[in-house]
Amino acid sequence: MISITFPDGARREFEPGVTGLDVASSIAKSLAKKALAMELDGVETDLSEPIGRDARLRFVTRDDTAEALTLIRHDAAHVMAEAVQELFPGTQVTIGPAIENGFYYDFYRADPATGAAMPFTVDELPVIEAKMREIIARNAPFTKSVMSRDAAKARFAALGETFKVELIDAIPGNEDIKIYNQGTWFDLCRGPHLPSTGLVGTSFKLMKVAGAYWRGDSNNPMLSRIYGTAWLNDKDLAAYLTMLEEAEKRDHRRLGREMDLFHFQEEGPGVVFWHAKGWSLFQSLTAYMRRRLAEDYSEVNAPQVLDKVLWETSGHWGWYRESMFQVQSAGDEADDKRVFALKPMNCPGHIQIFKHGLKSYRELPMRLAEFGMVHRYEASGAMHGLMRVRGFTQDDAHIFCTDAQMAEECMKINDLILSVYADFGFDEIMVKLSTRPEKRVGSDALWDRAESVMTDVLAKIAAESNGRIKTGINPGEGAFYGPKFEYTLRDAIGREWQCGTTQVDFNLPERFGAFYVDADGSKKEPVMIHRAICGSMERFLGILIENFAGHFPLWLAPVQVVVATITSDADAYAASVHKKLVKAGFRAEVDLRNEKINYKVREHSLAKIPVILVCGKREAEEGTVAVRRLGSQANTVKPFVEALAELAEEAVPPDVKRARDAD
RNA sequence: GCCGCGGUAGCUCAGCUGGUAGAGCAUCGCAUUCGUAAUGCGAGGGUCGGGGGUUCGAAUCCCUUCCGCGGCACCA
């Protein structure tokens, strides 16, 4: 007999070889019906798996939402693959995992006549989805069989499934080759699966098709990927689809147009035309960042166009030459034969500033900041609104310090980054350490040193935040010249954005021959720390637009107040109210048009103006205003001086408020 | 860059299998002075992304190019 221990501590004896389903049935019929899979000694397994030893067992049911969804989505991927092969014989299957909110499967379909790749189109999705529903209705059981490597390869090779054969070759030698059948269809898979296809349910939808490289490598052929979403019930599916619609409504590209913030056009692919209101946001953000840097940093400005020798020295020419904008004049002077590049980053410029004149150890750490405009020729398919552009402004800084100061500087940067994010309401932050990549510059000794310091700092960040900040490691994701911390924040609708970064760099100072004079009079190489908080100001603004859905807090709103009249009797009064607002430092407009107040309220509400001050005859006589706030139908009439004081207080940026309250 | 899809008035979109452009909103003009999410009437506005081809005839079909969208790859 074997002994099974349940999560509540209860223990029961069973015959060896009993399956999970048998165990569930022995407990309750309802449990056998509800169970989707089981966890045996912490490993998720099929319910049909025979149990041969003493074990801890936990059943996974639909109530275990996250686990149940992963199972359902994974199985939905298999069902989709069966549907595709039934509809389009000869299509090769590859991999099909569960992902956040759904699943995908990558296929390779070739035109039978020409042999050319024939990717799926969206028009085919309804047909595939209908076939999936048929397969689910058949409710065939998933059954697992283990077979030898050679037998499995032969089986898939016979079907012409060359990608699957490659996958089998990639499975480590000590692992079983598992095949899952659903009816007559089968697939190579590590499992586990639901008891049968019917349990996938009907709350799914195929969403889109996309190209995806085989094994994620752009040198490999491109497969055709179909994405789907799947949920436990129709209500969750509907909620997810609604959420997508909501996300679309706050898309910064859409709001940028609707709110007249910026635009793009053909002649400037990937570069932003900032309109007055968008530029106001940009300026507010920059002014905020400058205040935050005032205490510890010196702001500098390095040239936009520099001889390529600087980029050769830094190593960027070798690494990123293809993505740099080269600049040359059309003249024939000797100078015009030189090759210049638009700066893709600020570090070489800052090193020149550091190198200009002798630097003493007493001057370290030297923190040079720049709101530097950089240009990178991004791949055409990479561009995405403000989020990925070819010309952007980094809130960049380079800290030159001694080896001994490095850890403390990293912590200082960490505190600043977290404090900045908090000012915009971002409290859920993740910090990951990216370690040395395969292709890199510098000796292993330097990398060892940098990584060891950063590992310690990461532990300290985690410890000091009391677990509020999540930390992790991204192996091999570091920059070519050094390891880095990457700061990821979560926005109002749960999406994650990687923004800040801290990079410890022993390499560039060496390559550029930067040094300082130490206490003993010797030349020493400084450590250079690259850091950005917003990352790209353009992108950070895109994130803010989406996070606030255009409803900016008063201190950021491009137009903070609109004074709107009801009749022309109030024109003079409204104009004086407007004038006082502007004098008090508000970004305010006045609307004296001969339109009904309903019309004006609607228009300014749609423009997401935070405050409308309505002035009619009554207000003009009494020196009051009717305050209407965005997002509320209510309006409160109060003396203008009172409203002005209240709004002035609200419009104080969070950092200024904090500094003031600290006094 | 790669795969798929798209580009018609400032915006959102219609225009079926080729017969030489249409709506709503916005804009402009006139009337209306109306107390918290659309006042009425009228007018103007497009070489249908660019180039080439097929055709008696192309927004519609074909080729090519640019730009965008969704992914993939990339992200110093």
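Below, read A as the first sequence line, B as the second, and so on, with proteins coming before strands; counting in each chain starts at 1. Computed over heavy atoms, backbone and side chain alike; hydrogens, waters and symmetry mates excluded.
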Subject >> Atom-pair distance (CG on A:D106; C1' on B:rA73), nearest Å >> reply: 13 Å
Subject >> P-based separation of B:rC25 from B:rA43 [nearest Å] >> reply: 14 Å
**OP:** Apply the test side chain to side chain contact (heavy atoms under 4.5 Å, CB included) to residues A:F480 and A:H316: give CA-CA distance (whole Å), side-chain angles for both, the deciding distance (0.1 Å), then the verdict.
**Re:** CA-CA 9 Å; A:F480 72 84; A:H316 290 99; 3.8 Å; yes
Original post:
Which one, B:rG1, B:rU39, B:rG71, comes nearest to the side chain of A:K208?
Top reply: B:rG71
**OP:** Look at A:Y377 and B:rC74 and indicate whether a side-chain polar atom (N or O) is within less than 4.0 Å of OP1 or OP2.
**Re:** no
Original post:
Rounding to the closest angstrom, what is the interatomic distance between B:rA9 and B:rC13 at atom P?
Top reply: 11 Å
**OP:** Would you check if A:M373 and A:T393 make a side-chain contact, meaning some heavy-atom pair closer than 4.5 Å?
**Re:** yes
**OP:** Return no unless some side-chain N or O of A:N635 is found under 4.0 Å from OP1 or OP2 of B:rU36.
**Re:** no
Subject >> Which atom of A:Q503 lies closest to which atom of A:T501, heavy atoms considered >> reply: NE2-OG1, 3.2 Å
Original post:
Is A:R602 near enough to B:rC25 that one of its side-chain N or O atoms lies under 4.0 angstrom from OP1 or OP2?
Top reply: no
Original post:
Nearest-Å distance, CG (A:N474) to P (B:rA76)?
Top reply: 12 Å
Original post:
Would you say the base of B:rG49 and the side-chain of A:Q265 have a donor-acceptor pair closer than 3.5 Å?
Top reply: no
Original post:
Can you check the A:K617 NZ to B:rC34 C1' distance for me, whole Å?
Top reply: 13 Å
Subject >> Donor-acceptor pair under 3.5 Å, A:R388 side chain vs B:rC75 base >> reply: yes
Original post:
With respect to the phosphate group of B:rG10, does any side-chain polar atom (N or O) of A:H263 fall under 4.0 Å of OP1 or OP2?
Top reply: no
**OP:** Using the P atoms only, state how far B:rU64 lies from B:rC3, rounded to an integer number of Å.
**Re:** 12 Å
Subject >> Nearest listed nucleotide, side chain of A:A379, among B:rA37, B:rA73, B:rA76 >> reply: B:rA73
Original post:
Picking from A:V504, A:I399, A:L446, what satisfies side-chain contact (heavy atoms from CB on, under 4.5 Å) with A:V527?
Top reply: A:V504
Original post:
Considering Watson-Crick and G-U wobble pairs with both distances under 3.5 Å, what does B:rC75 pair with?
Top reply: none
Subject >> OP1 or OP2 of B:rC69 under 4.0 Å from side-chain N/O of A:R253 >> reply: yes
Original post:
What are the two closest heavy atoms between A:A532 and A:I417, and how far apart are they?
Top reply: O-CD1, 4.1 Å
Original post:
Within the structure shown, what part of the strands sits under 4.0 Å from A:Y481 by heavy-atom distance: base, sugar-phosphate, or nothing?
Top reply: sugar-phosphate
**OP:** May I have the distance from A:F480 (atom CZ) to B:rC74 (atom P), rounded to whole angstrom?
**Re:** 17 Å
Original post:
Given the rule in the ring-ring contact (aromatic ring centres under 6.0 Å, His included) test, do A:Y481 and A:H530 qualify, once you have shown the distances and angles that lead to the verdict?
Top reply: CA-CA 11 Å; A:Y481 50 74; A:H530 311 240; 4.7 Å; yes
**OP:** Take atom CD of A:Q498 and atom C1' of B:rC75, then tell me their distance rounded to the nearest Å.
**Re:** 9 Å
Subject >> Within 45° cone and under 6.0 Å: A:R376 NZ/CZ vs A:Y320 ring >> reply: no
Original post:
So do A:V271 and A:V389 actually touch side chain to side chain, heavy atoms under 4.5 Å?
Top reply: no
**OP:** Look at the side chain of A:N598 and decide which nucleotide, out of B:rA76, B:rA38, B:rU33, has an atom nearest to it.
**Re:** B:rA38
**OP:** Look only at the side chain of A:N635 and the backbone of A:A626, and say whether a donor-acceptor pair between them is shorter than 3.5 Å.
**Re:** no
Original post:
For B:rG46, which nucleotide is its Watson-Crick or G-U wobble mate, given both distances must be under 3.5 Å?
Top reply: none
Between the protein and nucleotides 64-66 of chain B, list the N/O to N/O atom pairs that are separated by less than 3.5 angstrom.
from: B:rC66; atom 1: O2'; to: A:E266; atom 2: OE1; distance (Å): 3.2

Original post:
Is a donor-acceptor contact shorter than 3.5 angstrom present between the side chain of A:Y213 and the base of B:rG1?
Top reply: yes
**OP:** Kindly say whether A:G616 contributes a backbone atom to a donor-acceptor pair with the side chain of A:E619 at under 3.5 angstrom?
**Re:** yes
Original post:
What integer number of Å spans the P atoms of B:rC62 and B:rU54?
Top reply: 15 Å
**OP:** Just name whichever nucleotide pairs with B:rG29, Watson-Crick or G-U, keeping both distances under 3.5 Å, else none.
**Re:** B:rC41
Subject >> Separation between the P atoms of B:rG45 and B:rG51, rounded to whole Å >> reply: 22 Å
Subject >> ring-ring contact (aromatic ring centres under 6.0 Å, His included) evaluation trace for A:Y105 with A:F107 >> reply: CA-CA 6 Å; A:Y105 208 113; A:F107 300 98; 5.0 Å; yes
Original post:
Closer to the 5' end of RNA chain B via nearest nucleotide, is it A:K484 or A:R593?
Top reply: A:R593
Subject >> Whole-angstrom distance between B:rG52 and B:rG42, as gauged at atom P >> reply: 42 Å
Original post:
Which base sits across from B:rA14 as a Watson-Crick or G-U pair, both distances under 3.5 Å?
Top reply: none
Original post:
When we call it a touch if two heavy atoms are under 4.0 Å apart, what does A:F264 touch: a base, just sugar-phosphate, or nothing?
Top reply: nothing
Subject >> Whole-Å P distance, B:rC30 and B:rU12 >> reply: 30 Å
Subject >> Integer-rounded Å distance: B:rU33 P and A:K600 NZ >> reply: 14 Å
**OP:** Would you name the heavy atoms of A:P269 and A:R390 that are closest together and state the gap between them?
**Re:** O-CD, 3.8 Å
Original post:
When you check the phosphate oxygens OP1 and OP2 of B:rG35, does a side-chain N or O of A:R628 lie under 4.0 Å from one of them?
Top reply: no
If you restrict it to nitrogen or oxygen atoms, what contacts under 3.5 Å exist between nucleotides 3-5 of chain B and the protein, and what is each distance?
from: B:rC3; atom 1: O2; to: A:G211; atom 2: N; distance (Å): 3.3

Subject >> Nearest-angstrom distance, C1' atom, B:rA59 to B:rG18 >> reply: 10 Å
**OP:** Counting heavy atoms from C-beta on, name the nucleotide in B:rA76, B:rC72, B:rU33 closest to the side chain of A:R376.
**Re:** B:rA76
Subject >> Under-4.0 Å side-chain N/O to phosphate OP1/OP2 contact, A:R629 with B:rU36 >> reply: no
Subject >> Nearest-angstrom distance from the residue atom CD of A:E603 to C1' of B:rC25 >> reply: 11 Å
Original post:
Paired with B:rA59 by Watson-Crick or G-U wobble geometry, both distances under 3.5 Å: which nucleotide is it?
Top reply: none
Subject >> Residue closer to the 5' end of RNA chain B, A:H316 versus A:G268 (nearest nucleotide) >> reply: A:G268
Original post:
What is the distance, rounded to the nearest whole Å, between atom CG of A:D260 and atom P of B:rC25?
Top reply: 21 Å
**OP:** Quick one: look up who B:rC69 pairs with, Watson-Crick or G-U, both distances under 3.5 Å, and put none if it's unpaired.
**Re:** B:rG4
**OP:** Kindly give the heavy-atom pair with the smallest separation between A:G478 and A:S434, and that separation in Å.
**Re:** N-CB, 3.6 Å
